[in-house]
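Quick note: residue numbers are just sequence positions, from 1. Worth saying up front: this structure is predicted, and the values here are computed from it rather than measured.
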Amino acid sequence: MPLTHRRAASVVGLSLGLVLLTACSGNGDQGSDADPDQVDAVETPQLGACRDLTPDDVSLPSNATRTVDCGEPHTAQTYKVGNLPDEFDDAAWDSRDLGAWAYRTCSDAFAAFLGADESTVMRARVTWAWFRPSEQAWEEGARWYRCDIVGGGEASESYDDLPETAEGLLTGLPANDDWMTCADGADVDTAPRVACSEPHSWRAVTTVQVGTAEDEYPGDEIVAARSRDYCSESVSAWLGYPSTTTTATPGSARASGTPATAARSAGRGRTGDRPAPRDGGRRGPRPGRCARRLQQR
C-alpha cells in the first residue's frame, strides 16, 4: 500500500545479548540429512564445503549434514575451520569460554570473508553459525570448530540459497541489495524483513557503536540519546541533504522528507539482521542502527 505521509528516520538500538544454546547432541541429533561419515567425526571439517542447512540445523551445537556440490542449491558454506587452542584441551564440551572464543573467531572471519565492514555486515541478510564436535567425538579427543555462513538471519523461518561461493558477497559500495536487509511495513520494529532489491519502506543505512564489547546493554533510552545526533547526520548525508525536495520510488536510495531524527528505539538480543552470539558467545560491540523510511508513490 502506498505511503502518503512522511516520517523521520527511526533509530533501532540492537542489544547483542548473550544467547545460550543448551541443546545437547551427544549421539543424537546432528542435523538433517546426516552423513554417517561425519556423525561423531574427530577429523577437522572441510573448508569451503557447502550444505543445505535449515534453521533447526543451525540451532544445534553439532552438525553432520551431508555436503553438496557448491554448484547445486545450498544454504550454507563453511568459511573457517581449525583446531581449538590448547587452552581447551581439558575444557568441558559445553564450556562457555569456548563459546566466547568461537564467537569472536567466527565473527571476525565472517566480515573478512564477505569483504565488508562491520556496519555493512550487521545490515546484511546473511548470518553465521558455528559448530563443535559431538560430545562423543569430544570425549575421543576432537578439538575443532567450524564456522558456516547461512542465507538468512536469526529470525528466518527458512534460508535462501547462496551463490556458488559467498566469498566477497558484500564487497564494494554499495553492497549488493539482494543481500541487504530492508523492511516493508508501517512500523520498522514489526515490518517483515525483505531484500533491499525488493519494494520496501524502511532501509538501515548505517550503524552506531554505543558501547564496548565488555559493556552491558545500556538500555533503550541511552541508545536513543547516543544515536540521535549520529543518525541525523548520517541519514541526512546518505539522502544527499541539505536538499529536501527529492522523492523516492520503492527501493530507491533517496526519499523526500526532512533530515532524520531519532523517533524510537527497541533493544533486542536476537534479530534477523545480525548474527547473535551462540553457545555462550561473548557480546560484541553495542551498535545502534539508523533506518530511514522511504516515501513510496
Just to verify, what does Asp33 make a salt bridge (Lys or Arg N to Asp or Glu O under 4.0 Å) with, not counting sequence neighbours?
Arg66

Enumerate the salt bridge (Lys or Arg N to Asp or Glu O under 4.0 Å) contacts for residues 155-173, please, sequence neighbours excluded, ordered by first and then second residue.
Arg125-Asp160

More than 12 non-hydrogen atoms from neighbouring residues, nucleotides or ligands closer than 6.0 Å to CG on Asp90, yes or no?
no

Quick check: does any side chain N or O of [X] sit under 3.5 Å from a backbone N or O of [Y], one acting as donor and the other as acceptor?
X      : Y      : answer
Arg193 : Ala191 : yes
Tyr79  : Ala112 : no
Ser156 : Gly153 : yes
Ser227 : Val223 : yes
Trp202 : Gly185 : yes
Asp177 : Met180 : no
His74  : Thr67  : no

Give a yes-or-no answer on whether the side chains of [X] and [Y] include a donor-acceptor pair shorter than 3.5 Å.
X      : Y      : answer
Asp57  : Gln30  : no
Thr207 : Ser119 : yes
Gln38  : Arg51  : yes
Asp56  : Ser59  : no

Under 4.5 Å between any side-chain heavy atoms of [X] and [Y], yes or no?
X      : Y      : value
Val126 : Val150 : no
Trp144 : Pro133 : yes
Thr171 : Leu114 : no
Asp148 : Gln77  : no
His200 : Val194 : yes
Ile149 : Phe113 : yes

Test: Asp108 and Lys80 ion pair at under 4.0 Å
no

Atom [atom1] in [X], atom [atom2] in [Y]: separation rounded to 0.5 Å?
X      : Y      : atom1 : atom2 : result
Asn83  : Arg143 : CG    : CZ    : 11.0 Å
Thr120 : Leu169 : OG1   : CG    : 11.5 Å
Asp178 : Cys196 : CG    : SG    : 9.5 Å
Glu140 : Gln136 : CD    : CD    : 5.0 Å
Asp97  : Glu87  : CG    : CD    : 7.5 Å
Tyr159 : Thr75  : OH    : OG1   : 7.5 Å

Contacts of type side chain to side chain donor-acceptor pair (under 3.5 Å), residue Thr65, not counting sequence neighbours
Asn63

Shared-cluster residues of Ile222, by chain and number - hydrophobic side chains joined below 4.5 Å
none

If you group Ile, Leu, Val, Met, Phe, Trp and Tyr whenever their side-chain heavy atoms sit less than 4.5 Å apart, what else falls in with Val81?
Leu47

Taking the ring of Trp130 and the ring of Phe110, is the distance between their centroids below 6.0 Å?
no

Looking at Trp93, is Arg132 sitting on its ring face, NZ or CZ under 6.0 Å from the six-membered ring centre and within 45 degrees of the normal?
yes

Listed by chain and number, what are the ring-ring contact (aromatic ring centres under 6.0 Å, His included) partners of Tyr145, not counting sequence neighbours?
Trp101

